[in-house]
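This report concerns only the one structure given below.
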There are 2 protein chains.
Amino acid sequence: MTDAAETTTAERPTAAASARRRPLAEQGSELRIAVMRLARRLRQERSEAELSASQLSALAWISVEGPLTIGRLAELERVTAPSMNRTVNCLVDSGYVVRAGSPDDGRKVLVSTTEPGDAVVRETRRRRDAWLAKRLATLSAEDRATLAAATTILRGLASQ
Amino acid sequence: MTDAAETTTAERPTAAASARRRPLAEQGSELRIAVMRLARRLRQERSEAELSASQLSALAWISVEGPLTIGRLAELERVTAPSMNRTVNCLVDSGYVVRAGSPDDGRKVLVSTTEPGDAVVRETRRRRDAWLAKRLATLSAEDRATLAAATTILRGLASQ
DNA sequence: TATTGTTATACTCTATAACTATA
DNA sequence: TATAGTTATAGAGTATAACAATA
């Protein structure tokens, strides 16, 4: 379809040159499709713990970002506070997180992971990483280097 | 955090060399996080049409892959037939798709997009592409070349 | 009075089970 | 008898509105 489809490294000058000539919208469209498709595939590799995607996502935030308030969690997951409250209730029932009053502000509630909660997050991460690592292993060193460089760029795009 | 985080091009030998030395699991983990985050961001850029994510996704399949049966659509979206049936009902009510009996098998139903349905798909695609193109425009030519090469690789990973 | 969390209620998406029509 | 679609019903996730407690 495009020049870029015929090569797998960024190190050949021809690839870089042809990429510069292509319209941004076209390049972006292809990148978007590839990213969305891979994300969908990665999402399917989840832990055996019986947690929904939203519960797992909230749990990961709590595990990584330390104690968080309901409001902050809702903000991170882009849902309303009542929705997040319900999600946290499920996680509490499962024993993966605990609620605790904030020492400095009586209105706030701090949610933290329990050890089993952290274990679920680790296990899920391990599974997804294993799936991806298996596929990365089939690539050439040059392709892996390209992906490594692209990772940094993608991270920048997403954070804007 | 890692060597790759300190550069944004794949053309410097040091970046490629350091990438080769890194464990696959670690590189995969970073790539996974970047991909998931960007996908989430892209998903937020949707059309003004009042369609849910699942309706929009099904509509896109129908628009691109031509007339599809309920069963095939359910398979593509990885949901059950009753779920997809309901989604299709909503799309029919909105006037974005139409049902038609299959000429060769009376049990099957073929779902096709209407012109307004196609327009919604185009508009949504345009919006997402615009968001990404705006950000691609801020990158160096080298970074864009890296992303172009990475797109091809990512596509291969997702299709496995 | 504003903010944080919670409860009440309703709507959407999805699933399983059961049913109809066709092959 | 098997397959494609549909209907009935239930459970999970999310939203808005209203309420309680604290700043």
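Bear in mind the structure is a predicted one, so any value in this text is a computation, not a measurement. Order of the sequence lines fixes the chain letters, A, B, ..., with proteins taken first and strands second; residue numbering starts at 1 for each chain.
Checked by distance alone, Arg86(B) brings a side-chain donor or acceptor within 3.5 Å of a matching partner on the base of dT14(C).
Spacing between atom CG of Leu73(B) and atom P of dA4(D) amounts to 14 Å, rounded to whole angstrom units. One interatomic measurement links the two molecules: CG of Asn85(A) to P of dA18(D), which rounds to 19 Å at whole-angstrom precision. Remark: C1' of dT12(C) and CG of Leu91(B) are 14 Å apart, rounded to the nearest angstrom. Between the CZ atom of Arg107(A) and the P atom of dT4(C) there is a distance of 6 Å, given to the nearest Å. For Ile70(B) and dT20(C), the CD1 to C1' distance is 15 Å, given to the nearest whole Å. For the pair Leu68(B) CG and dA4(D) C1', the computed distance is 15 Å after rounding to whole Å. Distance Lys108(A) NZ to dA20(D) C1': 18 Å, rounded to the nearest Å. As rounded to whole Å, 12 Å separates atom P of dA8(D) from atom CG of Asn89(B).
For dT6(C), the OP1/OP2 oxygens have a side-chain nitrogen or oxygen of Arg99(A) closer than 4.0 Å. Note on Ser102(B): every side-chain N or O is 4.0 Å or more away from OP1 and OP2 of dT22(C). Side-chain nitrogen and oxygen atoms of Thr80(B) include at least one within less than 4.0 Å of the OP1 or OP2 phosphate oxygen of dA15(C). For dG13(D), one of the phosphate oxygens OP1 or OP2 lies less than 4.0 angstrom from a side-chain nitrogen or oxygen of Ser52(A).
The side chain of Gln55(B) approaches dC13(C) more closely than any other nucleotide in the set dC13(C), dA2(D), dA15(D). Comparing dT6(C), dG5(D), dA15(D) by their nearest atom to the side chain of Ser83(A) picks out dA15(D). Set against dG5(C), dT6(D), dT14(D), the side chain of Ser54(A) has dT14(D) as its closest nucleotide. In this structure, the nucleotide among dC13(C), dA23(D), dG5(C) sitting nearest to the side chain of Asp105(A) is dA23(D).
Note on Leu76(A): it clusters hydrophobically with Leu51(A), by side-chain heavy-atom contacts below 4.5 Å among ILVMFWY residues.
No side-chain donor-acceptor contact under 3.5 Å links Ser83(A) to the backbone of Val79(A). Side-chain atoms of Ser94(A) come within 3.5 Å of backbone atoms of Cys90(A) as a donor-acceptor pair (strictly under, hydrogens ignored). Between the side chain of Arg135(B) and the main chain of Trp131(B), a donor-acceptor pair closer than 3.5 Å is present.
Counting only N and O atoms by type, the side chains of Ser54(B) and Glu77(B) include no donor and acceptor under 3.5 Å apart.
DNA chain D is contacted by both Cys90(A) and Pro82(B); Pro82(B) maps to the nucleotide lying nearer its 5′ end (nearest heavy atom per residue).
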